[in-house]
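Notes to accompany the following structure.
Every value quoted in this text rests on a predicted model; they were computed, and no experiment measured them.
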Amino acid sequence: IKKQLKWNNYYGKYSEENIKTVLANRSGNVADINFSLIAALSAANLDAEAVILSTRDNGLVNKLYPVMSNFDYVIAKVNINGTSYLLDATDPLLPFGLLPLRCINDQGRVIN
């Protein structure tokens, strides 16, 4: 996915296009790319889920009353042999299991 799709530098927790259009255009926002990654992992019979989070620029999420407007980014979580890995396919040079610095901001919420 990292080598096939290019991030258009737009954040988002919602997909702007369907996966077929994203793959045809070879470009998409954060959600388009990471939802494509989740779909590919699921197609490979891996336990993959979406995780929504707030980037550093967006600030911390209110833990008492988390609302959707607090979140602005989506990543993938895959469970392999009892170990969870957080993945972001927007940066082609990022190693497996590491997130970009913009995503390191306290906690996220698993969406399954």
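Counted by atom type alone, Tyr14 and Asn29 present zero donor-acceptor pairs between their side chains at under 3.5 Å. A donor-acceptor contact closer than 3.5 angstrom links the side chains of Thr55 and Asp72. One side chain, Thr90 or Arg102, offers a donor N or O that lies under 3.5 Å from an acceptor on the other.
Taking 4.5 Å as the limit, some side-chain heavy atom of Asn79 sits within range of a side-chain heavy atom of Glu49. Between Ser36 and Ile19, the closest side-chain pair of non-hydrogen atoms falls below 4.5 Å. In this structure the side chain of Leu87 reaches within 4.5 angstrom of the side chain of Leu41, judged on heavy atoms.
Panel note: side chain Asn62, backbone Leu64; a donor-acceptor pair is recorded below 3.5 Å. Listed for the Ser54 side chain is a donor-acceptor partner under 3.5 Å among the backbone atoms of Gly59. A donor-acceptor pair under 3.5 Å is formed between the side chain of Lys13 and the backbone N or O of Met68.
When the shell of 6.0 Å around CZ of Arg109 is examined, it contains 12 or fewer heavy atoms from other residues, nucleotides or ligands.
Note: Tyr85 and Phe96 have tilted aromatic rings, judged against thresholds of 30 and 60 degrees for the angle between ring planes.
The residue from Leu99, Leu53, Asp57, Leu60 that alone fulfils the side-chain contact (heavy atoms from CB on, under 4.5 Å) condition with Asn105 is Leu60.
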Side chain to side chain donor-acceptor pair (under 3.5 Å) assessment of Asn34 paired with Asp88: CA-CA 6 Å; Asn34 284 324; Asp88 184 3; 2.9 Å; yes

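Between Asp91 and Lys2 there is no salt bridge, since no side-chain nitrogen of the basic residue lies less than 4.0 Å from a carboxylate oxygen of the acidic one.
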